[in-house]
Amino acid sequence: MLEIKDLKVKLEEEDKQILKGVDLKIEPGTVHAIMGPNGSGKSTLSYVLSGRDGYEVTGGTAALEGADLLDMEPEDRAAAGLFLAFQYPVEIPGVGNMTFLRTAVNAQRKARGEEELSAGDFLKIVREKAKSLQIDADMLKRPVNVGFSGGEKKRNEILQMAMLEPKMCILDETDSGLDVDAMKLVSEGVNALRSEGRSFLVITHYQRLLDHIKPDVVHIMADGKIVKSGGPELALEVENNGYADILAEVA
Amino acid sequence: MALAQMKLDATEARLAGVTLPDGAVWARDARAAALERVRQMGLPTKRDEYWRYTDPSSLTAAEAPTAALLENDEGPLFEDVDRVRIVFVDGVFDPAASDDLSTEGVEIERLADAMQVDIHWAKDIYGVLEARGQKPVERPLAALNTALATDGVVIRATGKVSKPINFIYLHNDVASDAVLHNVVKVEADAEITLLETGPAAARFSKQLEVELGEGAVFNHVRAQGRDHERRAVTHCFARIAENSSFKSFTLTFNGVLTRNECVLEIVGDNAVAHVAGACVGDGKDFHHDDTVFVTHDAVNCESRQVFKKVLRNGATGVFQGKILVKEGAQKTDGYQISQSLLLDDDSQFLAKPELEIYADDVACSHGSTSGAIDETALFYLRSRGVSMTDARNLLTLSFLAEALEEIADEALAEELRDRLERWLARHS
């Protein structure tokens, strides 16, 4: 599904190398988790993959189902099936959540040469998906993320994911700012989307989230590289002993 | 002194040979007094404090600059709204194109007719509110309008007016120079909605004087410009009584030069005065100026000024807004915000927000900002598959939303929002 080879990235504005050769291969239908200390480059990886400005790729490749991601505009990456659930979802006053969702869904359908959803069909699908995430009609009507609590914002991200039906989902610290109940709800939303043709890359600091969204593979990232990969037990090791032992071991 | 004298001499030269329209004694007096005010103040020049950001020369020139007729027009607004249409063509009332003026709850007369009547209620408003609004800031172009206005209507609402009154300003003559003056009196507990639409004239001077009785409600929605080359100076003077509500919103689509002045005087307790504007300007020729003055002279009143401007390709926006809270106007709640979205480095926004407060128990806040499109929000939308252009347009609408929310009637707001969306799509 997603194949990253020796990806090297620096900040555009300053001479600072953030990713120093990341290799990662995610098979269809699998869930990968990336853990690592602050500043290890986890969020940068998610931004570079989804096409945010401010980064310069100095080497390596990243491909989604064989297509070169790094050459595409962000909207084209989305249409190709990539989705990033933001750590800090953006508030957009004056644009209704529903309008936003419909614009996004239809823009992607159009880019893929599919027919746009009618207002009626769209409404039906949104209501159904929103219900399972406990997103009520009011939240759908309100401006995008404006006045939403931390949990509501993250649930809204998952709703977008559910509507857009991407192939490759990146979750950037989706657990940050969530209480236990909200985390459970969000995780259930994610788990409901797990399928054979869909892969996930879950970026997190804590093992907690991985109790709910069970990963197939766990990677440890440090100083711009993936330094160790393993099964779910690796996350438990981090939880119990911190990163110091692992980092010492690979140093 | 020499400068002041030059200004007065220039004014005399401009006014030489001007003849005032005839009418009843009170009408002739009102016009003569207004002309005298113009002579005293002198016509504005760029050296005047309130004209530093906007060059008035094309507004004061003897000849109006021409303006091409509108092409690619989307057609008139509010077609689906049940309303009374009052049509002016190049500033001249067109009875044949207008609806029957008899409507429940309201009396509508042509200004020229009202001005022939010896005793008419409009006597207490025509030029009277304008004259009050000359202090502390002089507005000579308003006085000139009062002196010279050739047409307009006077409206008296006596109850809840069943449908909106729509002034429709058509433009058919590339060189038209229109001077319109409208007067609205909303009696106690009466309610009226006024709509204004259309490109109007090559040069358009328009004044609206509004007197609100106790508990009266006045809602005003105006759409001006529509990519038209016209130059316009408009004034609105309102006197706002106890428990009454005044709400005005203006949307400006491009145009060349627009100066909208709004002068609100709150004289009764527990009253509300809102004035808002949204404008979208494209190109170096675009210049849009909102100049607002709200006076609080009563207790427990609320005022809001919400102005948003989207400027690109070298467009210029101006905001000069003031809240004056007089001594004793306690419990005043005053709010003023003026913001611009600058879509490139060539566009500019010039703002002069002012507060002057002589009461000690008030809450007044104001803010003014200029900014570009939020890159994080842009990325957020694009990461969801929305194209760069659509994402920029959505964020532009998002920026304007706070001003559009000032429109009380949701259907009217929706229609203007649709127009804006299409305008943005055309101009991107």
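Model, not experiment: these values are computed from the prediction. Chain letters run A, B, ... following the sequence lines, proteins first, then strands; residues in each count from 1.
D345(B) CG: 12 or fewer foreign heavy atoms inside a 6.0 Å radius. Annotation: E196(A), atom CD; neighbour count of heavy atoms from other residues, nucleotides and ligands within 6.0 Å does not exceed 12. Within 6.0 Å of NZ on K352(B) lie more than 12 heavy atoms contributed by other residues, nucleotides or ligands. Atom CZ of R422(B) has more than 12 heavy atoms from other residues, nucleotides or ligands within 6.0 Å. Enclosure of atom CD in E13(A) is not indicated, since only 12 or fewer non-hydrogen atoms of other residues, nucleotides or ligands lie within 6.0 angstrom. Enclosure of atom CG in D80(B) is not indicated, since only 12 or fewer non-hydrogen atoms of other residues, nucleotides or ligands lie within 6.0 angstrom. The neighbour count for E115(A) CD, taken as heavy atoms of other residues, nucleotides or ligands under 6.0 Å away, does not exceed 12.
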side-chain contact (heavy atoms from CB on, under 4.5 Å) evaluation trace for V386(B) with Q108(A): CA-CA 7 Å; V386(B) 181; Q108(A) 292 201 16; over 6 Å; no
Step by step, would you call S383(B) with F86(A) a side-chain contact (heavy atoms from CB on, under 4.5 Å)? CA-CA 10 Å; S383(B) 79; F86(A) 279 51; 3.5 Å; yes
F100(A) vs L381(B), side-chain contact (heavy atoms from CB on, under 4.5 Å): CA-CA, chis, key distance, verdict: CA-CA 8 Å; F100(A) 165 59; L381(B) 291 173; 3.1 Å; yes
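A pairwise comparison of heavy atoms in P74(A) and R382(B) identifies CD-NH2, 3.3 Å as the closest pair. Annotation for F379(B) and G51(A): closest pair CE1-C, 3.6 Å, computed over non-hydrogen atoms. The two residues G385(B) and A78(A) come nearest to each other via the heavy atoms N-CB, 3.4 Å.
The distance from the CG atom of L378(B) to the CD1 atom of I92(A) is 9.5 Å, given to the nearest 0.5 Å. Rounding to the nearest 0.5 Å gives a distance of 11.0 Å between CG of N393(B) and OG1 of T103(A). Remark: D390(B) CG to E75(A) CD distance equals 9.5 Å, nearest 0.5 Å.
Neither the backbone nor the side chain of L397(B) has a heavy atom closer than 4.5 Å to any heavy atom of chain A. For P89(A), the parts lying under 4.5 angstrom from a heavy atom of chain B are both the backbone and the side chain. There is no contact between N106(A) and chain B, counting heavy-atom distances below 4.5 Å. Residue E375(B) touches chain A through its side chain alone, counting heavy-atom pairs closer than 4.5 Å. Only the side chain of L395(B) comes within less than 4.5 Å of a heavy atom in chain A; its backbone stays farther off.
Identified under the side-chain hydrogen bond (donor to acceptor under 3.5 Å, both in side chains) test for residues 148-160 of chain A, with sequence neighbours left out: E91(A)-K153(A), N97(A)-N156(A), N145(A)-N156(A), K154(A)-S176(A), E157(A)-Y380(B), E157(A)-R384(B), Q160(A)-Y380(B), Q160(A)-R384(B).
Chosen from K110(A), R77(A), E73(A), the residue pairing most often with chain B at heavy-atom distances under 4.5 Å is E73(A).
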